[in-house]
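Below is one structure, written out as structure tokens; the observations come after it.
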There are 2 protein chains.
Amino acid sequence: MKRKVTLKQIAKELDVSISTVSKALRNSKEISEDTRQKVQAFAKLYNYRPNNIALSLKNRKTKTIGIIIPEIVHHFFSKVIRGIELVANKRGYNVIVGLSNESFDKEVINMEMLANGSIDGFILSISKETLQQQDYHHFIETINQGMPIVMFDRVVDAINCDKVIVDDLEGAKKAVSKLISSGCENIGIITTRDYVSVGKLRTQGYLEALEEHKMNPKASLILKVVDQLLSEDHLDSLEKEVESLFKRNKNLDGIFAVNELYALTAMKVARKMHLRIPEDIQIIGFTDGVLSKHAVPSLTTVSQHGQKIGEKAAELLINNLEREDEEDVYETVIIETELIERESTK
Amino acid sequence: MKRKVTLKQIAKELDVSISTVSKALRNSKEISEDTRQKVQAFAKLYNYRPNNIALSLKNRKTKTIGIIIPEIVHHFFSKVIRGIELVANKRGYNVIVGLSNESFDKEVINMEMLANGSIDGFILSISKETLQQQDYHHFIETINQGMPIVMFDRVVDAINCDKVIVDDLEGAKKAVSKLISSGCENIGIITTRDYVSVGKLRTQGYLEALEEHKMNPKASLILKVVDQLLSEDHLDSLEKEVESLFKRNKNLDGIFAVNELYALTAMKVARKMHLRIPEDIQIIGFTDGVLSKHAVPSLTTVSQHGQKIGEKAAELLINNLEREDEEDVYETVIIETELIERESTK
DNA sequence: TTTCAACACGAAAACGTTTGCGCTAATGTT
DNA sequence: AACATTAGCGCAAACGTTTTCGTGTTGAAA
């Protein structure tokens, strides 16, 4: 078991100084052709690679990006990571992942762990708990220490930084407009509580779409699901809530659900009530996950292009990191949504 | 924008030496109560945190684990990561992720990037391309340099290291036995080419189960799908292959599919051919992903417990890293599979 | 022969820590 | 009063790099 070879070892072996070895390897012309070749041959033989940690310490940059997401077992976030990874690697960066599990404390702890030199900047999506508590001091402190942050998807106005979001409002409008133009007259929405910004915006898009088509929103058509974070019977209670939405609106002929799971649940309930999709009721979801694609009937959905979001976020961050001048102009990039029409709509 | 404060700055500010500050913060009793308090107060005020990179350099360990997986947009791998992250964080480690995208070259490059000091050890699942080429020199070199590796799911005998696998053979047997005991007499299998070890083992399990029940395997019942890595029309060609399986076996009444997607495709084809599930044909998949749970009818499946795999892998690695004695005894842990019965079987 | 570049290399500092050891002054012991 | 102990602190090395600034040797020009 031979440990990794260092400059010092090469130097000793070849009876030259460390500086000479370093320069020889970097093709400095201070070094004679002779020694340069000798050193390089030796280095190749022993498979020398500079120690990243030492370089990080010296350069005061790690070439590593920290990602904090609320949950990894989730197609959207996986896709975002893939996007980040893609451009990060292309530009010589590594990616280190922290999971907040939708918890404020874990978010803070994870960020603290990474902020002490391990990474050059953050890409993150805020946990639900943090959004509820509206405590953003850890973001502010991080930024104040000179470490840039890019937020995506779940962002918050209070923090001044680069952001990548989808046009939730517009996406929702597209979806609802589609339902309307396909003949729906009583469209229900299944959404989250308002503190999740994306939920709020999508609800707003729903309302605006109705308004544009001179349709009156009815309170009974709006279902704001209370989400008990990931509990086991969450699915059951969700189903019950959706069922009551169906029951109190006998003439329901369209559903806009702000995520995939809600949409699938709606499909399930519709089936239970012997409604045909899309003949009797049409359904559109949000988030282009794998469920929508393989559902039966397959689900028309508003795609968020998670990978593109990740790519863009990584670009913003790295550009910021590598920018010479220190001017802080923050950008908010909006990734267009796309309505993917499948079998659940006419 | 105040940069992170260092020992040196505190020392200068308080007019003591760096060593004094360091010792004061670590509660060394070499330092007087007086200065200790002074230093600690100052440190707290300026929110001092030791620089991880410097510590890594000094201690020659990074407290970071490198994960290399073929694909992240995949429930199984996400769950494994979650498991790893869980125990890693609990034991004070961070997690850094590299994606091979099923490519040999990317696997090698990623490992090289991480191996030069960035991490203390690897947890990985081998890419398909690597398995095909059977070129494992990068694993061997890494291990030879004293960096431990834990492999999971897709492992290979040629490499001597800790491994965490599911009992693919036994899991497959469970599934097929279930089909048999539910009355199936003509059971088809949809599997991968043999170079993917898990595919091979599951096929073997299928055969053994048949044998145990005195049933003769028929070549026409075995479909080994050629997987053109992630191409767009992969789904189409997959569907055609499955369809021909159905057509050449008119009396097919059971399907064992080695992954979720194959199982779903089988369901789709069955539906197209007007076979009722589970009355006319029963289907079982492998991998407990989200698709199986939400499919209609929901899919009976062999669960692999991805999270548990991740947890175990992290434990093995960290135990190895923190072991004092240098004896190399490698373990292969088998995680039991579990048959989750849902609606696609009787 | 002296002077001066050019050449080839080495010493040392720096990045931020931790820690063994040595030093000084004060205190305690005979 | 002479000596030993100890508390309290600083020096310096080490981890592995890169880079600036010397410095000694050579060869050529004067």
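Each chain gets a letter, A, B and so on, in the order its sequence line appears, and its residues count up from 1.
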Response to the item:
Nucleotide by nucleotide, nucleotides 13-21 of chain C touches protein heavy atoms under 4.0 Å in the pattern (B base, S sugar-phosphate only, - none) -BBBBBBBB
Fill in: Side-chain heavy-atom pair A:I31, A:T20 within 4.5 angstrom cut-off
yes
Fill in: Residue pair B:E141 / B:Q145, side-chain donor-acceptor N/O under 3.5 Å
no
Response to the item:
For nucleotides 23-28 of chain C, 5' to 3', base contacts (B), sugar-phosphate-only contacts (S) and non-contacts (-) with protein non-hydrogen atoms under 4.0 Å give ------
Worksheet entry | Spacing between A:I31 atom CD1 and C:dA6 atom P, to the nearest angstrom | 18 Å
Discussion item. If I take atom CG from residue B:L321 and atom OH from residue B:Y93, how far apart are they, to the nearest 0.5 angstrom?
Written reply: 5.0 Å
Worksheet item: Within a strict 4.5 Å, meaning less than it, do heavy atoms of the B:P70 and B:S125 side chains meet?
Response: yes
Discussion item. Under 4.0 Å between a side-chain nitrogen and a carboxylate oxygen: does that hold for A:R82 and A:E85?
Written reply: no
Worksheet item: For A:S28, which contact category applies under a 4.0 Å heavy-atom criterion: base, sugar-phosphate, or nothing?
Response: nothing
Worksheet entry | Spacing of A:L25 atom CG relative to D:dT18 atom C1', expressed in whole Å | 12 Å
Item to complete: Grab the CG-C1' distance between B:N27 and D:dG8 for me, whole Å please.
Response: 16 Å
Discussion item. Without decimals, in angstroms, what is the distance between A:L14 CG and C:dG10 P?
Written reply: 11 Å
Worksheet item: Can you check the A:D15 CG to C:dA8 P distance for me, whole Å?
Response: 18 Å
Item to complete: Find out whether A:L86 and A:Q307 are in side-chain contact, i.e. whether some heavy atom of one side chain is under 4.5 Å from a heavy atom of the other.
Response: yes
Worksheet entry | Distance in angstrom units between A:K38 NZ and C:dC9 P, rounded | 8 Å
Fill in: Pair A:N319, A:R91: side-chain N/O donor-acceptor within cut-off below 3.5 Å
yes
Worksheet item: Whole-Å distance between D:dT17 C1' and A:I10 CD1?
Response: 12 Å
Worksheet item: Base, sugar-phosphate alone, or nothing: which one does B:S56 contact when heavy atoms must sit under 4.0 Å apart?
Response: nothing
Worksheet item: Could you give the CD1-to-C1' distance, from A:I53 to D:dA14, as a whole number of Å?
Response: 16 Å
Discussion item. Salt bridge check, B:E322 against B:K63: does any charged N sit closer than 4.0 Å to a carboxylate O?
Written reply: yes
Discussion item. Treating B:N47 as the side-chain partner and B:R49 as the backbone partner, does any N or O pair qualify as donor plus acceptor under 3.5 Å?
Written reply: no
